[in-house]
Amino acid sequence: MNDLARSQNQETFVLNLGPQHPATHGVLRVKLTMDGEYVVHAEPVLGYVHRMHEKMGENRTWAQFMPNTARLDYLGALSYNHGYVKVVEQAMGIEVPERAEYLRVITVELNRIASHLLWYGAFVLDLGGFTPLLYAFDDREHVLDLLESVTGSRLTFCYFRFGGLYNDVDDNFVGGARAFIKRLRRRLPDYHNLVTKNIILIKRLKDVGVLSAEMCRKYGATGPVLRGSGVDYDVRRNEPYSVYPELDFEVPVYGEGDSMARYMVRMDEIEQCMRIVEQALDKLPEGPVVAEKVPKILKPPPGDYYSAVEAARGTFGIRIVSDGTNTPYRMKLRSPTFSNLSLFGEASRGMLLPDALALMGSLDLVIPEIDR
Amino acid sequence: MLDELKNEFASLVPVPLIETDYRFKGYHLDVEVGPDQVVAAAELLDRRGFFLEAITGVDWLGKAPLSNQPEVEAGEAGEGGGAGKAEAATAPPTDKMEVVYDYNRTVGELCRVAVRCRLDRANPELPTVSRLIPGANWHERETHDFFGIIFSGHPDLSPLLLPEDADFHPLRKDFKA
Amino acid sequence: MILSEPWRLLVFVAGIIAFIALNAAYLVWLERKVAGHIQRRIGPKEVGPFGLLQPLADGIKLMSKQLLVPKGVDPLLFKVAPLLVLVPAVMSFVTIPFSEKLVARNIDIGLLMIFAFASVNVMGLLLGGWGSNNKYAVISAARAVSQNVAYEIPMLITVVTMIMLTHTMNLNEIVIQQAGGVWNWHIFANPLMPIAFLIFFICSLAETNRAPFDLGEAESELIAGFHTEYSGMGFGVFFMGEYANIIIGCGLATILFLGGWQCPFGILPGWWWFLAKVYFLIFCVMWIRWTYPRTTLWGLLNLSWKILIPFSLLILLLTGAMIKVWPLITGAS
């Protein structure tokens with residue numbers, strides 16, 4: 001579109017986008033070198049909400065680290081809960097009761113719906129449409145009410161325990177979840193009519209910010225970003241964990257690699273999440289929600305362990321190193337948006353400012369998770 | 001597929017690479033390479049369609065690094081752990097720093113590979129893989145932030161997550177806030 | 001009239017300023033209410049009944065705030081810019097006929113004068129953006145200028161078409177021509193006119209920097225665009241200017257196409273009908289704003305140069321042909 005080699009010789013200026021900027025959703029700062037409205041070079045500057053969770057992990061017991069996991073990606077906190085309990089259970093060889101696994105899947109998927117809904121609203125807000133945000137918040141509120149009734153919190157959930165859950169759900173939750181899904185099924189067509197089919201939105205997103213599958217691989221991008229580039233990869237299916245193998249769901253994949261594809265992946269994922277929750281509610285077995293033989297003081301056998309789950313934004317990987325004591329020796333949190341954002345510098349080169357911001361929005365960034 | 005990969009690695013690394021129990025460890029292949037083979041290993045995996053999931057460090061101050069050398073496979077239900085490594089490392093255990101690369105792939109059979117590299121803690125330096133895998137850039141910067149491990153040839157090792165004037169490395173075990 | 005000429009004009013100008021100030025305040029309230037209901041909320045409700053005193057509270061807040069002049073700005077341009085947006089808008093009102101008698105100055109080139117003043121408006125945005133010494137503001141000013149230039153062309157072509165039909169630039173006369181019922185409105189004058197109306201309306205959206213063409217203050221890209229650095233009443237005056245321009249845009253559309261103060265049923269005085277039509281159009285403007293996402297600058301310019309300008313030219317041509325050729329044919333037959 002424009003000749004970059006030429007523009008590099010021209011006069012450029014540095015635009016400091018953030019750390020307080022409406023489009024960066026938090027405290028991300030991007031140093032943009034601009035040629036007029038074209039981005040010549042973009043350099044994200046991180047660390048404004050860096051809290052060193054990994055060091056905190058080394059200073060508290062395995063169980064005490066649980067709440068920290070919810071403070072990474074606060075929009076999809078349950079996936080992070082899940083990743084953490086999963087790796088510790090894996091190391092300790094703890095068997096989780098089936099009911100607990102089903103409830104984990106149900107709550108994680110509800111949380112994923114909430115996260116995608118918020119992204120949907122915020123993304124369209126980035127594109128200048130204000131109204132869908134409030135529609136999405138309206139629906140998200142129902143999910144949060146549901147999750148609040150079982151987990152006790154609305155955002156930074158700390159619901160999972162090693163070997164199970166904090167508490168069981170009641171009939172109200174099951175009925176509420178069904179009612180919510182029925183409601184969202186009715187509302188999703190509105191979303192599509194209002195936004196997806198809007199000519200302005202299509203023009204803003206189609207062929208904007210095309211990420212090739214190879215580029216995603218080189219940067220380690222995962223989640224909807226990768227699936228929007230035509231790579232059929234989802235940890236829930238490729239590396240089955242919990243009770244996902246027993247549930248029937250599809251992994252939406254769009255090959256175009258543009259912002260529209262990433263948009264569509266997430267919108268379709270909401271539908272798949274609803275399918276998963278429905279099936280899981282149908283199959284929900286009776287029984288305990290906490291494994292019986294979980295030691296009070298956890299001491300995973302020495303060694304290192306890796307585990308990954310599919311969070312709302314991609315693969316959340318967690319590597320723990322245990323030296324056999326009751327505190328982790330090392331805890332590495334691999335957050336998906338860290339990798340997803342790392343490709344922004346290359347991908348945004350030569351783009352117009354509004355398009356670059358559309359690309360950034362379509363990456364679905366949650367800054368505390370990047371900075372950890 | 002796993003066997004092919006093992007064969008390719010066999011030409012690269014001196015120590016036997018280990019097929020770990022995925023259900024227990026969460027990864028399939030554990031490869032220990034020297035600092036000079038990090039790039040070669042990355043190249044090999046990159047060629048085979050792997051992507052880099054994360055790079056991280058472990059500081060083994062005053063400890064023998066835990067290892068997955070044969071003991072683990074033999075006694076995965078039991079102890080596992082460090083005893084075996086001492087033999088391989090021989091002599092007085094000098095303090096080590098470890099860098100772990102987690103590779104994974106999106107196509108074909110699931111295969112997670114952990115490539116680890118042990119460095120002398122006094123002089124932790126190894127070549128960067130960011131030329132080959134651009135996504136490694138930030139991971140290496142982060143590892144440098146936290147551990148002070150130097151990735152030679154890296155375009156920019158300035159602090160990524162820490163304040164821009166940070167001269168400390170908080171995840172080193174001797175770091176005191 | 002009871003009042004002699006200079007006094008009458010003064011009273012009218014005072015009235016116009018009051019009208020603009022009141023409208024700016026209450027259009028904000030309306031905007032928030034409309035937005036609220038579109039978004040399934042109820043909007044402001046705490047201050048006064050239905051939140052009706054909210055604009056008052058906002059006004060007091062804005063006025064009590066310090067008028068901050070940041071370091072490094074051009075103080076003169078920075079202070080003048082908001083006025084350059086507001087004053088032309090006030091001047092434009094002088095020729096707008098609220099009813100047959102209710103017009104400050106009924107001049108023969110009223111239409112021309114409004115467009116002359118409307119072009120000054122963009123100077124305000126440009127100087128405000130430039131004087132702020134803020135990169136976002138400069139980008140926004142550049143956008144606003146290119147946008148205004150691009151959209152003034154189709155708008156003026158449409159207006160020229162209109163003048164060909166009406167043979168006058170006197171706004172009151174244009175309205176008088178549309179007397180006698182809905183079908184006499186210029187929008188139904190011939191089959192091309194609804195399209196011309198649409199073009200005019202879209203252009204006035206773009207001219208007033210309203211969504212989906214609010215590129216000048218695209219908040220998710222440029223924070224607040226040209227008024228990023230403004231605080232207190234500096235910002236307030238920009239805001240008043242924006243709403244005044246919306247009223248003028250909708251008012252012109254009403255006068256040119258929708259019969260101005262002509263009432264279709266012969267009940268209620270003319271100014272009532274004029275305001276009703278204007279507010280309906282303003283409601284549509286708000287409706288659009290809260291429904292659509294923002295276009296990009298490229299999309300915006302493409303729309304103007306590739307669609308609106310050719311179409312408006314075509315309408316101009318066809319209208320000309322209709323005026324000149326049609327009588328020949330009918331006269332011949």
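Each chain gets a letter, A, B and so on, in the order the sequences are listed, and its residues count up from 1. What you see is a predicted model; the values in this text were computed from it and never measured. Hydrogens, waters and symmetry mates are skipped; everything else that's a heavy atom, side chains included, is used.
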Exercise for the section: Identify which part of A/Ser335 has an atom lying under 4.5 Å from any heavy atom of chain B, answering side chain, backbone, both or neither. Expected result: neither

Handout entry: Row check, A/Tyr329 ring normal vs B/Lys173 NZ/CZ: under 6.0 Å, within 45°
Key = yes

Exercise for the section: Please flag which part of A/Glu214 lies under 4.5 Å from any non-hydrogen atom of chain B: side chain, backbone, both or neither. Expected result: neither

Handout entry: B/Arg121/B/Asp174 ion pair, N-O < 4.0 Å
Key = yes

Completion exercise
Residues passing the ring pair (Phe, Tyr, Trp, His ring centres under 6.0 Å) test with A/Tyr254, sequence neighbours excluded, are none

Handout entry: Leading residue by heavy atom contact count with chain A [cutoff under 4.5 Å; candidates B/Asp102, B/Asp145, B/Asn104]
Key = B/Asp102

Practice task
Give a yes or no on whether the ring-centroid distance for B/Phe168 and B/Phe175 is below 6.0 angstrom.
Solution key: yes

Practice task
Could you list all the side-chain hydrogen bond (donor to acceptor under 3.5 Å, both in side chains) pairs where at least one residue sits in residues 149-162 of chain B, not counting sequence neighbours?
Solution key: B/Asn137-B/His154, B/Arg141-B/Ser158, B/Asp156-B/Ser158

Exercise for the section: Look at A/Glu239, A/Met92, A/Lys55 and state which one has the largest set of heavy-atom pairs under 4.5 Å with chain B. Expected result: A/Glu239

Handout entry: Under 3.5 Å: donor-acceptor pair, side chain of A/Thr325, backbone of A/Thr327
Key = yes

Practice task
Applying ring pair (Phe, Tyr, Trp, His ring centres under 6.0 Å), name anything that partners A/His82, two or more places apart in sequence or on another chain.
Solution key: A/Phe160, A/Tyr241

Problem - Main-chain N/O of A/Val321 paired to A/Asp304 side chain as donor or acceptor, under 3.5 Å - result: no

Problem - Pairs of heavy atoms under 4.5 Å with chain B: top-ranked of A/Tyr48, A/Tyr233, A/Tyr306 - result: A/Tyr306

Fill in the blank from the handout: Value for CD1 (B/Ile150) from NE2 (B/His144), rounded to nearest 0.5 Å, stands at 5.5 Å

Handout entry: Under 4.5 Å from a heavy atom of chain B, the part of A/Leu341 involved
Key = both

Problem - Which atoms of B/Ile133 approach chain A - backbone, side chain, both or neither, heavy atom under 4.5 Å - result: both

Exercise for the section: Show the numbers, then the answer: is there a side-chain contact (heavy atoms from CB on, under 4.5 Å) between A/Arg372 and A/Met52? Expected result: CA-CA 6 Å; A/Arg372 281 161 292 151; A/Met52 201 75 240; over 6 Å; no

Problem - Positions in residues 215-222 of chain A that reach chain B, provided some heavy atom is under 4.5 Å away - result: A/Arg217, A/Lys218, A/Tyr219, A/Gly220, A/Thr222

Practice task
Let me know if A/Leu46 has heavy atoms under 4.5 Å from chain B in its side chain, its backbone, both or neither.
Solution key: both

Practice task
Heavy-atom distances under 4.5 Å only: say whether B/Glu164 touches chain A with side chain, backbone, both or neither.
Solution key: neither

Fill in the blank from the handout: chain B shares the most heavy-atom pairs under 4.5 Å, among A/Gly93, A/Ala213, A/Ala91, with A/Ala91

Problem - B/Val100, part contacting chain A, at a heavy-atom distance under 4.5 Å - result: side chain

Problem - Heavy-atom contact with chain B under 4.5 Å, split by part of A/Ser342 - result: both

Problem - Short N-O contact, B/Arg105 and B/Glu53, less than 4.0 angstrom - result: no

Exercise for the section: Please round to the nearest 0.5 Å and tell me the distance separating atom CD of B/Glu98 and atom CZ of A/Arg330. Expected result: 10.5 Å

